There are 2 protein chains.
Amino acid sequence: MTSADDRVVPAAARRRRRPTKTGVVLSEELIVQTALRLLREHGADALTVRRLGLALGADPSALYRYFRDTDDLLLAIADELIGRTLRDWRATGVWRADLRDLGLRIHAGALAHPQAAVLSSYRVTGRVHEIEAVETIIGVLRGAGFPDPDAVRIYHAFVDQALAFAALDAASVALPRAAREAEAGVWRAMYARLPADSHPNIAATAHHLVRDMGRSAYPSALDLLLSAAAARLAEAEADPGASGGGSRSPGPSH
Amino acid sequence: MTSADDRVVPAAARRRRRPTKTGVVLSEELIVQTALRLLREHGADALTVRRLGLALGADPSALYRYFRDTDDLLLAIADELIGRTLRDWRATGVWRADLRDLGLRIHAGALAHPQAAVLSSYRVTGRVHEIEAVETIIGVLRGAGFPDPDAVRIYHAFVDQALAFAALDAASVALPRAAREAEAGVWRAMYARLPADSHPNIAATAHHLVRDMGRSAYPSALDLLLSAAAARLAEAEADPGASGGGSRSPGPSH
DNA sequence: ACCTGAACACCGTTCAAGT
DNA sequence: ACCTGAACACCGTTCAAGT
């Protein structure tokens, strides 16, 4: 009962495709690529079944042969983004550097397609690229020597933090122009001008706030998480029994 | 040029309100409360100007006198959620416990209104409740002894982590029933059944994954962040010059 | 087997007209 | 000053009919 199994027609079973009126031969891949292009070029509001049909040169309703509904299309987009992000990544064997690189790539990949990321970062796709990513990240942690329960806990915190910040920062990049400018202005126009007697802590740090809040906090948050994980690993290695078992094991599989 | 300044009619200047056909007297507060109720009772799709008008007993177009557009209404909802979350919070003076409590409250507050949170957690409102929250959190950090640049950096990582996880977890709670069940099923039906020869790391940790992935990773991620911050503070206190200035200062202001 | 086109039940927002 | 109602330009999705 996975999402992949629910697709209207399994890709392999599909044949005898007829070109549309404009001569295009539809496919899941073509639709996902076109959707990403629409999002990129015209923003999140442009991803409608009707405009996607227009961009493909097909009747909008034809898309329902490839995706159950817009949500199903979204999951396919999410998995394609994961795939692109990790396509050319290779482990170095230094776990902390590897996780840092993976986290920053996930974040940067989302910001490269903010409109798509904000719609899809949240979702568990159960599709091929996501599965490879899970296998890779857990492999890095187990290869580093984290006992299995710690490896899974840290995997979960790491990947959800990466996806959560990716969505957060993508959302701000994907905001309509007016809203985006209004938010940037709030820090300078409002926070930087609060009087010290009513808001002493904001007033004392206003120049730091204005400088900091325009940037993503993800690199900081990532480093804090990795620091704490490293400390945890040192503890686990000093006292191997404490964490409740789990075998040491193979390295990353990719 | 803040969002508050852009409101169609400043609340104070509004007078001589006429009841609607059904006898209701509209106000910004009533509209926000009704919007939260709609979201809570009927999900994110229910928040449309038309249904909100219906629920209020007013013509949908009347709402445009109170909010510039739906985005402006969303910012008001976001600020109301922040206000509710912190309404009865008090500092204990133990910075780490205070921040942990604040983080968990922000997260729990979002999950109590998942449909509202997923729409609004991202946004900088510049409104009154948000400003109080910023002042409070920075106050906790400065009161703990973090130098100003560290206080701001950790404030930013802390609050964005809380909001990002709040939105991530709210999104999964707010998912339409079918999609939500499909995602839960993916871990049991797909990840737990991958063969060890193709996916050794997932296979070795599958039982941990199934147990862990159904819960939020936020408490773990928060503790990792606070651990690392505590370590940073210990360093700063051992070597006060290293971090580049910033005075020690007052406690939390609330 | 797959694509089309009409139809249905909705949207957000604007603006002239009412009171 | 504020609310109403019609209008405009859109949506996602379904389904009978075509090829």
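Below, read A as the first sequence line, B as the second, and so on, with proteins coming before strands; counting in each chain starts at 1. Predicted, not measured: the structure shown is a model, and the values here were computed from it. We use all heavy atoms of the structure for the numbers below, so side chains are in, but hydrogens, waters and symmetry mates are not.
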Q | Distance, rounded to the nearest Å, where B:Arg65 contributes CZ and C:dA16 contributes C1' | A | 12 Å
Q. What's the CG-P distance between B:Asp72 and C:dG12, to the nearest Å?
A. 15 Å
**Q.** Side-chain N,O (B:Lys21) to OP1/OP2 (D:dG5) below 4.0 Å
**A.** yes
Q) Does D:dC11 have a Watson-Crick or wobble partner in any strand here, with both distances under 3.5 angstrom, and which is it? A) none
**Q.** Closest to side chain of A:Tyr66, choosing from D:dC11, C:dC3, C:dC11
**A.** C:dC3
Q | Sugar-phosphate, base or nothing in reach of A:Thr20, heavy atoms under 4.0 Å | A | sugar-phosphate
Q. Is there side-chain contact between B:His156 and B:Ile137, with heavy atoms separated by less than 4.5 Å?
A. no
(Q) Just the rounded figure in Å: distance from C1' of C:dC2 to CD of A:Glu28. (A) 16 Å
Q. Can you tell me how far the CG atom of A:Asp59 sits from the CG atom of A:Leu26, to the nearest 0.5 Å?
A. 10.5 Å
Q) Hey, does the side chain of A:Tyr64 come within less than 4.0 Å of C:dT4's phosphate (OP1/OP2), counting only N and O? A) no
Q) Quick one: A:Leu63 CG to D:dG12 C1', roughly how many Å, whole number? A) 11 Å
(Q) Using a strict threshold of under 4.0 Å (side-chain N to carboxylate O), is an ion pair present between B:Asp45 and B:Arg51? (A) no
Q. If only side-chain N and O atoms of B:Thr70 are considered, is one of them under 4.0 Å from the OP1 or OP2 phosphate oxygen of C:dT13?
A. yes
Q.
Can you identify which nucleotide, out of D:dC3, D:dT13, C:dG12, has its nearest atom closest to the B:Arg50 side chain?
A. C:dG12
Q) Are side-chain N/O atoms of A:Glu135 and B:Tyr191 paired as donor and acceptor at under 3.5 Å? A) no
Q: Provide, to the nearest angstrom, the distance between the CG atom belonging to B:Leu54 and the C1' atom belonging to C:dG12.
A: 16 Å
Q: Write down the partner of C:dA16 under the Watson-Crick or G-U wobble criteria, each distance required to be under 3.5 Å.
A: D:dT4
Q | Residue A:Ala62, side-chain atoms from C-beta onward, closest of C:dC3, D:dT14, D:dT4 | A | C:dC3
Q. Within the modelled atom types, does a donor on one side and an acceptor on the other bring the side chain of B:Thr48 and the base of C:dG12 under 3.5 Å apart?
A. no
Q. Less than 4.5 Å apart, any side-chain heavy atom of B:Leu56 and any of B:Leu30?
A. yes
Q: Could you work out the separation of D:dA9 and C:dA9 based on their P atoms and round it to a whole Å?
A: 23 Å
Q: Could you walk me through whether B:His42 and B:Gln115 pass the side-chain hydrogen bond (donor to acceptor under 3.5 Å, both in side chains) test, one step at a time?
A: CA-CA 9 Å; B:His42 301 106; B:Gln115 293 85 0; over 6 Å; no
(Q) Can you measure B:Phe67 atom CZ to C:dT13 atom P for me and round it to whole angstrom units? (A) 13 Å
Q: Find the distance A:Arg68:CZ to D:dG12:C1' and express it as a whole number of Å.
A: 15 Å
Q. Any idea which of D:dA1, D:dT4, C:dT4 is nearest the B:Arg18 side chain?
A. D:dA1
Q: Mind calculating the distance between CG (B:Asp59) and P (C:dT19) to the nearest angstrom?
A: 15 Å
Q. To the side chain of B:Ala58, which of C:dC2, D:dT4, C:dT13 is closest?
A. D:dT4
Q) The side chain of A:Arg51 lies closest to which of these nucleotides: C:dT4, D:dC11, C:dC11? A) D:dC11
